Amino acid sequence: MVELETAQRAVEDLVVIAEFRDPIYPGLVSTGKVERGGGKPFHTVINAENFHALQTLLYTHEGKVDAIYIDPPYNTGARDWKYNNDYVDGEDIYRHSKWLAFMERRLKLAKRLLNPLDSVLIVTIDEKEYLRLGLLLSQVFPEADIQMVSDVINRAGSPRAGRFSRVDEYIYYVFIGEAAVTPWTSTMLGEDEATTPMPTVWFTAVRRGSGSAREDKKSGKASFYPVVIDAETGAFIRVGDPLPHGSSRHDFPLAPGELAIWPLTTDGRENRWRFSADAMRRHFANGTARLGRRDPLTGLRPVTYLQPGTLANIANGTFEVLGRTAEGALELGLGERAKAVAPRTVWSRTSHFARDHGSNLIGKLLPGRRFPFPKSLYAVEDSLRFVIADKPDAVVLDFFAGSGTTTHAVMRLNRQDGGSRSSISVTNNEVGMEEQSRLSAEGLRPGDAEWEQWGICDHITKPRIRAAITGKTPDGEAINGDYKFIDEFPMADGLGENVEFFTLTYETPRMVAHNRAFSAIAPLLWLRAGAEGARIDAIAEEGFAVADVYGVLFEVDQSRPFVDQLSARPNARMAFIVTDDDRAFQLVCAGLPEHVEPVRLYESYLTNFTINVGGDR
């Protein structure tokens, strides 16, 4: 008889084992928040394996994301942070196909999150995988228009033995639906670009061409009249009344010291003004007509005016009014619209240098902490600007968030134009290789608090975003340094934004089936409703709960007070109704106001929040 050996282990050492394709029931647990943005939507940072996070976000954001920016592992074989470069060992002969499979699974989910009518996917990459990535993007997004940009990120160059020194990386733009590039004030080719000259906008007020002579207009409002100026100074005095047809301009009565300007051709023939005397008076009063330089012989001054098209361009921002001259005429300059040009496909800007505005910037936000290969904040800011500048409420996703540069960039864009864009950043809490070796030698392992505190999310991402908003380092000191380029101000001022940090959890089927996991599911409903305002975190005893922008009906027999309270909130946009009864669901929907979208939650939450099933993985 074989004697069975027994052993004792601590409970904290036990690991729950699940089969590869076992369903997963995700939840979110808040790990902190920062609120400095008033009523703005919250940015969201999720500590999670990004494939499962993307599956979870399909419930909250399918078809709703305006832009995705990702900086995936470049597959260089370097051994540093897992989500920077080291996905597959450099000696693995299947490293390219493994990397492609890794990316394809995530890009397929990303496609479902993007707005199919108008959205953009942005992917950065270097020369190791850019060709394969381009083919993969064409395969996953066959209906999209794809363009590649080359961005100089290190003018000093990264040496390649026996090869050219690399100064740039590549950015793929995948344009979906009606998505387009918004012109800007720079071509991005360099720093010292020639400015767009101000075009001629003042044109003669004298009619030209056929039918312009005085005798060609014998009926209607007469447009042959004088503009009277001071004979000594040339200053404008008044606009005279029109002369009747056949009257001589020499008979027009002038006071002593006055001089009349008539609509004459260069050879002295009488033409007409382009508009009536009343219209000329309005032009001078509005500053849209002016007198030019005096003729040294005659003392006369040419009369010019702003054409209707120019006035329209002032209204639409092509031109801007800088002020008025001493005589009251408008002074115009180019508006932002006129200065805007289409950015080129090669970018060379000092603001995009990764060391100066990536590594060094993190050093200011998080003194003493290091994160290898962070993107320049301003490079990400510009990359996003071209596709969400005209979308002040855009939702931006980054599921390779790393140090959190994308969220930081979105917050800066909001400050520049008063937008309320929100971001969702997903990163894991991987610990760097050097730290892993040190911690393992100390007898620590993943899951231990002493281990997890050194992970990407806890050690870099969350503190970086918190510092950017509060203007203080993790030690509570004011951040030393200023933001540069587009929006210059002290980093210590912080940013007027809200953010909440979450960790993705894996709930047990039993807990979810018996509705005992609502607290973990509650953030998903809040995210789906726009991540704005208060959140409903528990099942209400009254059978329903209503927050700022959404409500949850747990008991359909409480539908009347639920609908009444939701209808009283003009900002409400979503109602979650828990029921298996089709008829009951339709009756509640019929009572909801038009601006509130009904969403059905089945009584067994297993039906709503199951991921990792089927062939997606």
Side-chain angles (χ1 to χ4, degrees), residues 19-24 26 46 48-78 81-116 119-149 169-177 179 383 396-402 406 424-428 430 504 610-617:
E19 293 294 327
F20 180 72
R21 293 190 183 277
D22 279 357
I24 291 173
I46 303 175
E49 193 284 322
N50 63 5
F51 185 84
H52 288 159
L54 288 171
Q55 288 183 308
T56 304
L57 289 172
L58 287 176
Y59 176 77
T60 63
H61 284 82
E62 185 162 10
K64 296 180 180 179
V65 174
D66 297 287
I68 293 178
Y69 178 100
I70 54 173
D71 179 36
Y74 286 3
N75 207 18
T76 65
W81 297 95
K82 181 176 177 115
Y83 271 170
N84 241 265
N85 289 321
D86 184 24
Y87 176 67
V88 182
D89 189 285
E91 301 303 316
D92 191 332
I93 62 173
Y94 298 108
R95 63 186 182 277
H96 298 301
S97 60
K98 288 180 178 179
W99 184 86
L100 285 169
F102 165 84
M103 289 298 296
E104 181 183 30
R105 288 194 293 268
R106 286 151 180 79
L107 288 174
K108 285 183 175 179
L109 295 177
K111 181 178 182 178
R112 293 174 59 186
L113 290 167
L114 287 163
N115 179 350
S119 61
V120 176
L121 168 68
I122 307 169
V123 190
T124 61
I125 200 70
D126 73 358
E127 76 270 28
K128 292 291 189 293
E129 296 290 0
Y130 83 101
L131 292 172
R132 297 174 186 85
L133 176 62
L135 292 173
L136 177 61
L137 292 173
S138 296
Q139 175 183 309
V140 176
F141 299 91
E143 72 289 351
D145 185 24
I146 301 175
Q147 200 169 17
M148 189 175 75
V149 168
E169 68 179 12
Y170 309 113
I171 308 174
Y172 277 107
Y173 277 84
V174 181
F175 298 95
I176 298 170
S383 299
V396 180
L397 168 65
D398 182 350
F399 52 90
F400 288 103
T406 298
I424 303 169
S425 290
V426 179
T427 188
N428 61 28
E430 288 284 339
L504 185 71
T610 307
I611 64 173
N612 203 45
V613 292
D616 289 336
R617 184 76 169 136

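Here the structure is a predicted model, which means the values were calculated and not measured.
Between G63 and P116 the shortest heavy-atom distance is O-CD, 4.1 Å. Pairing each heavy atom of T427 with each of G402, the nearest pair is OG1-N, 3.6 Å. In terms of heavy-atom proximity, S383 sits nearest to I122 at O-CD1, 3.7 Å. Residue A53 comes nearest to L504 through the heavy atom pair N-CD2, 4.1 Å, listed as atom of the first residue, atom of the second, then distance.
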W99/H96 under side chain to side chain contact (heavy atoms under 4.5 Å, CB included): CA gap, chis, key distance, verdict: CA-CA 5 Å; W99 184 86; H96 298 301; 5.7 Å; no

Trace of the side chain to side chain contact (heavy atoms under 4.5 Å, CB included) decision for I611 with Y59: CA-CA 10 Å; I611 64 173; Y59 176 77; over 6 Å; no

From CA spacing to verdict: side chain to side chain contact (heavy atoms under 4.5 Å, CB included), N50, N428: CA-CA 7 Å; N50 63 5; N428 61 28; over 6 Å; no

L397/L54 under side chain to side chain contact (heavy atoms under 4.5 Å, CB included): CA gap, chis, key distance, verdict: CA-CA 10 Å; L397 168 65; L54 288 171; 4.0 Å; yes

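Salt bridge annotation for R132-E104: absent, with no cationic side-chain nitrogen under 4.0 angstrom from a carboxylate oxygen.
Within the 4.5 Å cutoff, no side-chain heavy atoms of I176 are placed close to those of N115. With a 4.5 Å cut-off on side-chain heavy atoms, L121 and L107 count as touching. L58 places a side-chain heavy atom less than 4.5 Å from the side chain of L109. Taking 4.5 Å as the limit, every side-chain heavy atom of S119 sits out of range of all side-chain heavy atoms of V65. Residues P73 and F102 form a side-chain contact, since some pair of their non-hydrogen atoms from C-beta on lies under 4.5 Å apart. Between D66 and V396, every side-chain heavy-atom pair lies at or beyond the 4.5 Å cut-off. Taking 4.5 Å as the limit, every side-chain heavy atom of P26 sits out of range of all side-chain heavy atoms of H52.
To the nearest 0.5 Å, the span separating CE on M103 from CD1 on I125 amounts to 6.5 Å. Atom CD1 in I24 sits 7.0 Å away from atom CD in Q55 (nearest 0.5 Å). In this structure, CD in Q139 is found 9.0 Å from CG in L100, a value given to the nearest 0.5 Å. Here the CG atom belonging to L57 is positioned 6.0 Å from the CG atom belonging to L113, to the nearest 0.5 angstrom. Taking CD of E62 as the reference point, atom NZ of K111 lies at 12.0 Å (rounded to 0.5 Å). Between Y170 atom OH and D126 atom CG the span is 8.0 Å, to the nearest 0.5 Å.
For L131, there are no side chain to side chain contact (heavy atoms under 4.5 Å, CB included) partners at least two apart in sequence or on another chain. Not counting sequence neighbours, the partners of T124 by the side chain to side chain donor-acceptor pair (under 3.5 Å) test are D71, Y74.
Side-chain N or O atoms of Y130 include none that pairs as donor or acceptor with a backbone N or O of Y172 at under 3.5 Å.
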